[in-house]
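Data block below; observations after.
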Amino acid sequence: MKNIDSYTHVRGESIYLDDIPVVQGTLYAAVFDSPIAHGRIKAIDLSVAGSIKGVERIFTSSDIPGENQIGGIVPDEELFATTHVHFCGMPIVMVVAESEEIARLAVSKIKVDIEPLPIITDPREAWEKGELIIPPRTFKLGDTTSAWEKCDHVFEGRTETNGQEHLYIETQGAYALPLENGTIRIYSSTQGPTAVQRTAARVLGIPMHRLEVDTTRLGGGFGGKEDQATTWGIMCALATWHLKRPVKYSLHRMEDMRMTGKRHPYSADFKIGLSKDLKILAYEVTFYQNAGAAADLSPAVMERTLFHCTSSYFIPHVLATAYSCRTHLPPNTAFRGFGGPQGMFVIEAAIAKTANALGVPASDIQQQNLLRTGDEFPYGQKAESEANECWNKAIELYDLSRLRKEIDEHNSVNKQYKKGLALMPICFGISFTKTMMNQARSLVHVYTDGSVGVSTGAVEMGQGVNTKMLQVAASIFSIDPALVRINSTNTYRIANTSPSAASATADLNGRATEIACQEILKRLKKVAAEEFSAGEDEIEIKDNWVFAKSEKTTWEWKRLVFETYFRRISLSELAHYTPPGIHYDLKKEKGHPFAYHVYGTAIITVTIDCLRGTYDFDSVKVVHDFGNSMNEVIDIGQCEGGIVQGIGWMTIEEIVYDKEGRLRSNALSTYKVPDIYSVPKEITIHFLDTKKPNLAIFGSKAVGEPPLLYGIGAYFALRNAIKAFNPTVDIAYDAPMTPEKVLMNLYSKSNR
Amino acid sequence: MIRFILNEKEVVASHPPGMVLLDFIRYHQHLMGTKIGCREGDCGACTVLVGELTDSQLRYRSMTCCLMPLGNAAGKHIVTIEGINPADRELNPIQQAMTDEGATQCGFCTPGFVISLAGFCLDHKKPSYKAAIAAIDGNICRCTGYKSIERAAAKITDLLKDRDNEEPTSFVSRAKLLPAYFSTIKARLQTLTDANESDHLATGSERSKSIIVGGGTDLYVQRHDTMVHSDIRVTGAYPGQQHIALEGDVCTIGPGVTVSDLAVSPIIQEAFPEFPRYMKLVSSTPIRNMATIAGNFINASPIGDFTIFFLALDAQLELSTKPESRKSRTMPLRRLYKGYKQLDMLEGEYIRRIMFRLPARTELFHFEKVSKRMHLDIATVNTAIHLRMMNDTIKNAGLSAGGVGPVPLFLQKTSEYLTGKSINRENILEAINIAQTEISPISDARGTKEYKRLLLTQLLKAHFISLFPINEKLNLLENG
């Protein structure tokens, strides 16, 4: 089935935040944000700004009726700075005016006197100074201390991975409307409508039931609108609360890039020990996460780094510690992979370093240590592994030895262009690591004309969740998909939602929808059973038609629905789902946090131009574990998009903050995401043939985040290509591998 | 009053000519299918088609309307996504291909892609898959990874295989790729042009303090907030500003000439066979359709690609205050830059003509550029070389480099050194050493100064490797 939203997308008729028809009397907001990364606010001068015609009101922290607090996990982040600023881009003042232009003009006239204080941008420096967001956490399996002496090879090293700007093409924004009796409707471009509602209630000091948050769709999210869409929603609601007028704020790109957090940069130290036959026996790793100025989702991101620190490998002795370090950067946040990719990069670097030192291909070590079913993860869960299946299929299907031979031959005769290859096996746990969040609800209405409306907590942001929800309802009822409509995500219809995140949205909301539809179907069948004197289990609905005892009846779906209504039987159902069997003990750092894991293997090849330092990816060939895909077009799209986004992170996407904590890569002209010419010439996705049962909706495994991890292989392929030109160079494990780093390494004289 | 055709209807706008077309379309015409992604021409979400009559030929080009002054729409046909939707609630074959291939995920960039692909269908060039991809090289998608879009582009290319020599607007109407009204636009634009001729002054004032806007692709990035209320004069509104002419061996370029105009000029194509390859490295299709060569000189960016190109060729500028004025002066481009973003120009002066001696077939020219992203990006370092040879000896050399100083540099000492030298490894390495003394790169978001120095060295080598490919003796690729 095609993506049901593509019809309005290709006609330009889909409605995003800025496309909502504006109500008469609407005012426009703009924010004055701190130009200083750390300092004490001495004075705020609003006199000029306030005198501009068309400025309706200017808001600061003193206008907050409730709590000036937006921190979700840790209450450590103000909506508007009161006495201190903690990052460049921290909101201090909001202007609300008759037009966007006036609001921005007024912002430009605001003067804030800030006494500068020392600035930290480096996580290790923050760690040294004890600036931690939460206490460190350690995952432990076996005993590394005694394991080292059993190792034949031990290597140590350090890695860096930079952040990543989400660059959803639709910027952040919100639009608040006053309703009667002190209630407010907030249209928000958010992945977490409940987060907006809950936090706005706290800031306004009103009950959650007065806030209706509604989200039709996002023009991309990628995690950037999981927690950080909240700020703008609250700001609009705050102004609406005071002024009783509709207030809108749709951020300009540079405001968005400057004020919002990104993927967390990490610095890490590793130590790896192996036996003679390349079995990894012990692994120690310490992560320094650059959390930025406030917790945001950093503790949860850090947790997932630990969960994925051994990637797709079984290592009997592991000691992994992570520090969430407070710096003066915008609070970093969720981004597809959520800390997992940062953890997996380090183990791949450790393997690459070992391989290089021992003179063996990294893939020999990778293959030796792939997870097998029953192997224990450092957090206690036992693997139901497809790692070897994916790997073996990939090297056979894509003929790894032939690929290697071709590359060697190319490199031996070519001086200017060198090729490199890397394999990247992946393993990603599906579920929110905070067990409590693994719950969802779905409200299904069947209307008397036979049409069906479905509301869930899922937010459509391009991942195709609307289509998957529709497939669930249409297939359970066995009706024409055109009869089903997926409604906007709304906190008045579905309460207490978890954000659309962790790749789990289709699973959680799909299973809830499945239960709701089954419940209604049961009632419908009972009516049909009575009518056609059959048992309920002898009633079947097939393609819009009622069958009794395998015979087609005179009742169409629509008739059945109406007859049920006529008998005063409910045609609506609100269902609740939570995946069984998941639990986690934070004290022991052991448990079964994931409903299941997703596996896969990619083979990535790249060609670099050794004259200019530029590169092109030749191919990414993948065998991926989709389970039993319920929508191959959508799932391939998630794979291709994730791979390219992951390659972007590892190659040309370079976040640059200067020492003063100012973002230098602050626009699309200085921050480069992949364009159509920079993507791999070939991406091939093979669906692993597996029939193993799993907890996913219809057995179709979650696909949002895992493919991004294949992008890590791009970094290692580039390293291998550089080494083909400059074999003795000592390349730092420092991602992204920009054309700059490639060229500098090609001509570096540093020897290892 | 600014008159133009917006999709199927004629509009007469009384808004300031400096307002961007994007705001007019979205907030005054309420056509919400054209999206805002960056407001600096870097994402393509706001791409529209601009149809224009030139030499009685109707030609459509894609443009990012976030950087396009409303004044530049005068007399043209502006097409948004709403203007290509079939009336019967169906999808046109372009839209159908995008849908079938799953080439739209969040959908926010999609109208821009569809419009760019419609532009491909309207292009007079022979359709090819490569051209289809080039048409969308200014559109950024963050969701799909582009592979599904490539598959859709291949299908769309297929739809054009029977076009032969038919006029594109007629073909797309007949083949129902685009609505039937496209076949009526040519005649309607003719009437509109006649109406506009009489009141073209309305597109901008004539006072000497007005800001002269070419394509707007840099002005609207640098001065986004103030342009709407600025007193602007659009160069595109004057007839005869888009000419490229050849007199003897001197080529003259009008101030309204865009990069795309240059690319399709037979004069340029013949003199610079590698021009398409260079052009692919410079911004994107919609930006090349808007950006003028003169504007590239005037914005004085140290990394202006065409500034570097024409510095090597020793282009001359004719400066004047008015199109019809008799007073003018001529100065070499090499002397235009006094310091960072400082020009040796008087108030009210503008570039009326650009002149350069077209290289003869025996002369050598080459352009190199490296940026963080290979395409649709600003150069980290760019450089051009122009050599006149006498057997194996350089008779005259012009070498320029961008991104390595406060202004686009003509590498005078290096050029002088090379004059009279023969092509060998030693001389080239010495030239590179001299070039290193002429530059002063700084570290910024595009790269560290050390990198920029190394990169210039490499790109200078690349000039010689490209111009003298069979000269194995050069051995310029060694590591270190």
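Labels below follow one simple rule: chain letters A, B, ... track the order of the sequence lines, proteins then strands, and each chain is numbered from 1.
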Checklist entry - Passes salt bridge (charged side-chain N to carboxylate O under 4.0 Å, His left out), A/Arg253 versus B/Asp42? Steps please. => result CA-CA 11 Å; A/Arg253 178 61 64 183; B/Asp42 267 319; over 6 Å; no
Sort out for me which of [options] touches chain A most, counting heavy-atom pairs under 4.5 Å.
options	answer
B/Lys147, B/Met374, B/Glu150, B/Gln96	B/Lys147
B/Thr34, B/Ile36, B/Thr104	B/Thr104
B/Asp377, B/Leu376, B/Leu31, B/Ile84	B/Asp377
B/Gly37, B/Ala445, B/Gly33	B/Gly37
B/Asp100, B/Thr80, B/Ile149, B/Asn92	B/Asp100
B/Lys35, B/Met98, B/His224	B/Lys35

Is chain B contacted by the side chain of [X], its backbone, both, or neither, given a heavy-atom distance below 4.5 Å?
X	value
A/Lys415	both
A/Tyr615	backbone
A/Asp675	both
A/Pro680	backbone

Are any non-hydrogen side-chain atoms of [X] and [Y] less than 4.5 angstrom apart?
X	Y	value
B/Leu454	A/Tyr747	yes
B/Ile136	A/Ile676	yes
B/Cys143	A/Tyr168	no
B/Thr380	A/Glu740	no

Next on the checklist: Run the side-chain contact (heavy atoms from CB on, under 4.5 Å) test on B/Phe113 and A/His9 for me, step by step, so that the C-alpha distance in whole Å, both residues' side-chain angles and the decisive distance to 0.1 Å come before the verdict.
Outcome noted: CA-CA 11 Å; B/Phe113 274 95; A/His9 287 350; over 6 Å; no
So which of [options] has the largest heavy-atom pair count under 4.5 angstrom toward chain B?
options	value
A/Thr171, A/Asn3, A/Thr614, A/Asp256	A/Thr614
A/Gly642, A/Ser14, A/Ser665, A/Gly637	A/Gly637
A/Met744, A/Met461, A/Arg104	A/Met744
A/His252, A/Met254, A/Arg664	A/His252
A/Thr467, A/Leu105, A/Val673	A/Val673
A/Val633, A/Leu167, A/Val644, A/Thr738	A/Leu167

Quick check: closest heavy atoms across [X] and [Y], and the distance to 0.1 Å?
X	Y	value
B/Lys372	A/Thr670	NZ-O, 4.5 Å
B/Pro111	A/Gly12	CG-CA, 3.8 Å
B/Leu477	A/Phe725	O-CZ, 3.4 Å
B/Cys106	A/Gly219	SG-C, 3.4 Å
B/Ile140	A/Pro674	CD1-O, 4.0 Å
B/Phe108	A/Tyr16	N-OH, 3.2 Å

Next on the checklist: Is it true that B/Ser148 and A/Glu640 share a donor-acceptor pair across their side chains at a distance under 3.5 Å?
Outcome noted: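 No, B/Ser148 and A/Glu640 have no side-chain donor paired with an acceptor closer than 3.5 Å.
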Item to check | Exercise: do A/Asp18 and B/Tyr27 side chains pair donor with acceptor under 3.5 Å | outcome: yes
Next on the checklist: For the NZ atom on A/Lys681, are there more than 12 heavy atoms of other groups (residues, nucleotides or ligands in this structure) within a distance under 6.0 Å?
Outcome noted: yes
Next on the checklist: A quick test of your reading: do over 12 heavy atoms of other residues, nucleotides or ligands sit less than 6.0 Å from NZ of B/Lys155?
Outcome noted: yes
Checklist entry - Quick one: CD on A/Gln416 to CG on B/Leu476, what's the gap to the nearest 0.5 Å? => result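 Going from CD on A/Gln416 over to CG on B/Leu476, the span is 10.5 Å.
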Checklist entry - OG1 of B/Thr110 to CD1 of A/Ile169: how many Å apart, nearest 0.5 Å? => result 10.5 Å
Is there a donor-acceptor pair closer than 3.5 Å between any side-chain N or O of [X] and the backbone N or O of [Y]?
X	Y	answer
B/Gln105	A/Gln463	no
B/Gln458	A/Gly613	no
B/Arg142	A/His166	yes
B/Tyr146	A/Val679	no

Tell me, for [X] versus chain A, whether the close heavy atoms (under 4.5 Å) come from the side chain, the backbone, both or neither.
X	value
B/Lys280	side chain
B/Arg89	both
B/Ala45	side chain
B/Ser466	side chain
B/Ala103	neither
B/Val381	neither

Checklist entry - Between A/Tyr677 and B/His375, what is the ring plane arrangement, given parallel below 30°, perpendicular above 60°, and tilted in between? => result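 The arrangement is tilted - the two ring planes meet at 30° to 60°.
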Checklist entry - So A/Ser669 and B/Val221, side-chain contact (heavy atoms from CB on, under 4.5 Å) or not? Walk me through it. => result CA-CA 10 Å; A/Ser669 53; B/Val221 176; 5.9 Å; no
Next on the checklist: Quick one, A/Glu13 with B/Ile81, criterion side-chain contact (heavy atoms from CB on, under 4.5 Å). Give me CA distance, side-chain angles, the key distance, then yes/no.
Outcome noted: CA-CA 9 Å; A/Glu13 292 170 345; B/Ile81 186 77; over 6 Å; no
Next on the checklist: Quick one, A/Arg11 with B/Leu91, criterion side-chain contact (heavy atoms from CB on, under 4.5 Å). Give me CA distance, side-chain angles, the key distance, then yes/no.
Outcome noted: CA-CA 8 Å; A/Arg11 289 176 58 94; B/Leu91 299 181; 3.6 Å; yes
